Asker: 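Once you've had a glance at the structure underneath, I'll fire off some questions.
Throughout, protein chains are lettered first and strands after them, A, B, ... in sequence-line order, and every chain is numbered starting at 1. Note that this is a predicted model, so its numbers are computed, not measured.
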Amino acid sequence: MTRRARRTYRLLAGRYPDARCELDFGDPFQLLVATILSAQTTDRRVNGVTPALFARYPDARALASADRAEVETIIQPTGFFRAKTDSLLKMASALVERFDGRVPRRLQDLVTLPGVGRKTANVVLGDAFGVPGITVDTHVGRLARRLGWTGEQDPVAVEHAIGALFPRRDWTHLSHVLIFHGRRTCHARRPACGACPVATLCPSYGAGETDPDAAAALVRTEARA
DNA sequence: ATCCCGAGGG
DNA sequence: CCCTCTGGAT
């Protein structure tokens with residue numbers, strides 16, 4: 001690991017000491033369901049519906065034979081409720097039919113489940129099973145770009161790049177730290193560069209800006225100075 | 001208005 | 001590569 005990468009990690013981890021998965025479910029099935037529900041919503045909203053959902057459907061077998069309309073009603077506040085209900089019922093059926101009702105522990109199995117993409121799979125692997133992996137969501141992709149990654153932009157390439165840059169780290173924790181940074185500071189539109197612990201290491205904050213969002217933020221920051 | 005800790009489908 | 005699916009936050 002380069003000196004720069006080590007420093008970046010230390011500064012970011014120090015800035016977000018509470019970085020972790022905010023969907024707090026020990027049970028892999030429940031974490032999987034909650035993570036599917038969390039697409040395009042806040043964890044707060046997900047945590048608002050999961051008690052009712054899991055009271056009725058605590059495991060894959062129950063959810064596989066669930067009443068569609070009832071599931072839709074319960075998860076409605078999380079948005080995309082029809083698509084999500086569809087995913088949940090199919091996903092639960094797939095678990096029952098192909099994995100004996102248990103959540104598989106391998107990435108290649110997880111991503112075959114309906115409604116489960118690479119992002120969701122990595123969250124479940126890391127937070128339910130302790131299998132380390134880099135989770136690349138929209139925040140992490142943006143961070144990689146702003147911090148100087150100019151290679152392929154697809155999530156798998158970004159994953160490999162980060163993995164190579166931070167070998168033998170706790171990738172699960174690293175992922176949460178990066179996601180927290182994207183959410184709380186390095187926003188898409190108006191990144192709070194003034195509050196950023198790695199501003200002096202960031203090529204997007206200084207010169208040679210390539211990301212138009214960060215470039216706009218830089219202009220604002222300098223205008224204030 | 002614009003974005004969000006996405007995924008599937010055309 | 002584009003679109004759609006939903007509701008809430010800012």
Asker: Let me check something: do Leu125(A) and Val123(A) share a hydrophobic cluster, defined by ILVMFWY side-chain heavy atoms less than 4.5 Å apart, either directly or through other members?
Answerer: no
Asker: Do the numbers put Arg183(A) on top of the ring of Phe180(A), so that NZ or CZ is under 6.0 Å from the six-membered ring centre and no more than 45° off the axis?
Answerer: yes
Asker: Would you kindly check if the NZ (Lys) or CZ (Arg) of Arg169(A) is within the cone defined by 45 degrees around the ring axis of Tyr9(A) and under 6.0 Å from the six-membered ring centre?
Answerer: yes
Asker: Applying a 4.0 Å non-hydrogen cut-off, can you work out what Thr135(A) is touching in the nucleic acid: base, sugar-phosphate, or nothing?
Answerer: nothing
Asker: If you compare every side-chain N and O of Arg184(A) against the phosphate oxygens of dC5(B) (OP1, OP2), does one of them come in below 4.0 Å?
Answerer: no
Asker: Would you kindly give the CD1-to-C1' distance between Ile36(A) and dG8(B), to the nearest whole Å?
Answerer: 13 Å
Asker: For Arg184(A), look at atom CZ and say whether over 12 heavy atoms of other residues, nucleotides or ligands are found less than 6.0 Å away.
Answerer: yes
Asker: Side-chain N or O of Thr42(A) less than 4.0 angstrom from OP1 or OP2 on dA9(C)?
Answerer: no
Asker: Check the distance between dA7(B)'s P and Leu32(A)'s CG and give it to me in whole angstrom.
Answerer: 10 Å
Asker: Tell me if the CD atom of Glu70(A) is crowded by more than 12 foreign heavy atoms within 6.0 Å.
Answerer: yes
Asker: Can you tell me how far P in dC3(C) sits from the matching atom in dC5(B), rounded to whole Å?
Answerer: 22 Å
Asker: Measure the distance from CZ on Arg44(A) to P on dG7(C) and round it to the nearest whole Å.
Answerer: 19 Å
Asker: To the nearest Å, how far apart are Leu37(A) CG and dA7(B) C1'?
Answerer: 13 Å
Asker: Distance check needed: dA9(C) C1' versus Arg190(A) CZ, whole Å only.
Answerer: 15 Å
Asker: Atom CD1 of Ile179(A) and atom C1' of dG6(B): how far apart are they, to the nearest Å?
Answerer: 12 Å
Asker: Which whole-number value in Å describes the distance from Lys90(A) NZ to dG8(B) P?
Answerer: 10 Å
Asker: Taking the basic N atoms (NZ, or NE/NH1/NH2) and the acidic carboxylate oxygens, is any pair closer than 4.0 Å for Arg102(A) and Asp59(A)?
Answerer: no
Asker: Among the candidates dG6(B), dG8(C), dC5(B), find the nucleotide nearest to the side-chain atoms of Arg45(A).
Answerer: dG8(C)
Asker: For atom P, what is the distance between dT6(C) and dG10(B), given to the nearest Å?
Answerer: 16 Å
Asker: Describe the nucleic acid contact of Val140(A) in one word from base, sugar-phosphate, nothing, applying a heavy-atom distance below 4.0 Å.
Answerer: nothing
Asker: Should Phe99(A) and Leu88(A) be counted in the same cluster of Ile, Leu, Val, Met, Phe, Trp and Tyr side chains packed under 4.5 Å apart?
Answerer: yes
Asker: Can you tell me the distance, in whole Å, between the NE2 atom of His139(A) and the P atom of dC5(B)?
Answerer: 3 Å
Asker: Could you run through nucleotides 1-6 of chain C and give me one letter per nucleotide, 5' to 3': B if any protein heavy atom sits under 4.0 Å from the base, S if only the sugar-phosphate is that close, - if neither?
Answerer: ----BB
Asker: Return whichever of Val116(A) or Glu22(A) has its heavy-atom-nearest nucleotide of DNA chain B closer to the 5' end.
Answerer: Glu22(A)
